[in-house]
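No experiment lies behind these values; they were computed from the predicted model shown. Sequence positions, counted from 1, serve as the residue numbers for this chain. As a basis for the values below, the full set of heavy atoms in this structure was taken, side chains included, without hydrogen atoms, waters or symmetry mates.
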Amino acid sequence: TRFRNVTGVQTCALPIWTNEIFEYHGEFADFDRCGFGVKPVQKPHPPIYFSGLKDPKRSADRIAKYGLSGWIGIQDTWEEIARWRKEIEDELGKIGKKLPANFDMCSMIWFTITDEPTDQTLNHKLSNLLIGTKQQITDNLKRFREAGMNMPLLWPPFPRLLDIPVKKTIDDLKVLANEILPKVNA
């Protein structure tokens, strides 16, 4: 399964990253004693994120077992982020663990900036994408932060798929970086 494969890679990568000499014998990789000269700059190793879209209990178990650094959702609303965070915290509490203080709650969200305000009510919103004016996107990103998402993974629309000019996408990214995110992070 995909989870077994990802877990195998992770349990193989950790000793590569943290030991001069290591060996690993798993389902998807098999190394006799060897070394790997290049080590990550981040210590003890780069953060490891995962997407636990099935249920909070499974997510909490993986966080506790593998020492994961973050959870990644896909196009979540701020209500869903708050629910996921609370349910993961509750499940960790049941096994005597806490969410690490530096744990990242993420979600991949597509965005585009409009000149005119869009209907932001939950009933009339086209989707959970960030579509609206600079102020609407700023306000929504603040709601995400309040809900517990500290690392939004914002994606511009795919120009070829949505017939949005590349220049518009580049301009939106500049506005996001220079005007919107500084206000959200203030």
Decide yes or no for Phe22 and Ile16: does some side-chain heavy atom of the first lie under 4.5 Å from some side-chain heavy atom of the second?
-> yes
Candidate pair Glu146 and Arg143, rule salt bridge (Lys or Arg N to Asp or Glu O under 4.0 Å), full reasoning | CA-CA 5 Å; Glu146 290 166 8; Arg143 286 185 188 101; over 6 Å; no
Which pairs count as salt bridge (charged side-chain N to carboxylate O under 4.0 Å, His left out) when at least one residue sits in residues 29-44, sequence neighbours excluded?
-> none
What distance do Arg145 atom CZ and Asn150 atom CG have between them, rounded to the nearest 0.5 Å?
-> 6.5 Å
CG (Leu99) and CG (Leu92) are apart, to the nearest 0.5 Å, by 6.0 Å
Does a side chain donor of either Asn140 or Gln136 reach within less than 3.5 Å of an acceptor in the other side chain?
-> no
Do Trp84 and Pro56 have side-chain heavy atoms sitting under 4.5 Å apart?
-> yes
Sequence neighbours excluded, every pair satisfying salt bridge (charged side-chain N to carboxylate O under 4.0 Å, His left out) that has a member inside residues 174-186 | Lys134-Glu179
Tyr49 versus Asp104: any side-chain heavy-atom pair under 4.5 Å?
-> yes
Decide salt bridge (Lys or Arg N to Asp or Glu O under 4.0 Å) for Arg85 and Glu89; before the verdict, give the C-alpha distance in whole Å, the side-chain angles of both, and the deciding distance to 0.1 Å.
-> CA-CA 6 Å; Arg85 186 173 187 95; Glu89 288 173 338; 3.6 Å; yes
Is the shortest heavy-atom distance from the side chain of Ile81 to the side chain of Trp71 under 4.5 Å?
-> yes
Heavy-atom distance under 4.5 Å between the side chains of Phe111 and Asp172, does that happen here?
-> yes
Compute whether any side-chain donor of one residue and acceptor of the other, for Tyr24 and Thr11, lie under 3.5 angstrom apart.
-> yes
Find out whether Leu141 and Leu181 are in side-chain contact, i.e. whether some heavy atom of one side chain is under 4.5 Å from a heavy atom of the other.
-> yes
How many angstroms lie between atom CZ of Phe31 and atom NE2 of His25, to the nearest 0.5 angstrom?
-> 10.5 Å
Could you tell me which non-hydrogen atom of Cys12 sits nearest to which non-hydrogen atom of Ala29, and how far apart they are?
-> SG-CB, 4.2 Å
Would you check, one step at a time, whether the test side chain to side chain contact (heavy atoms under 4.5 Å, CB included) holds for Phe36 with Trp17?
-> CA-CA 8 Å; Phe36 188 78; Trp17 290 338; 5.8 Å; no
Worked check of salt bridge (Lys or Arg N to Asp or Glu O under 4.0 Å) between Lys94 and Asp90 | CA-CA 6 Å; Lys94 290 177 186 176; Asp90 290 348; over 6 Å; no
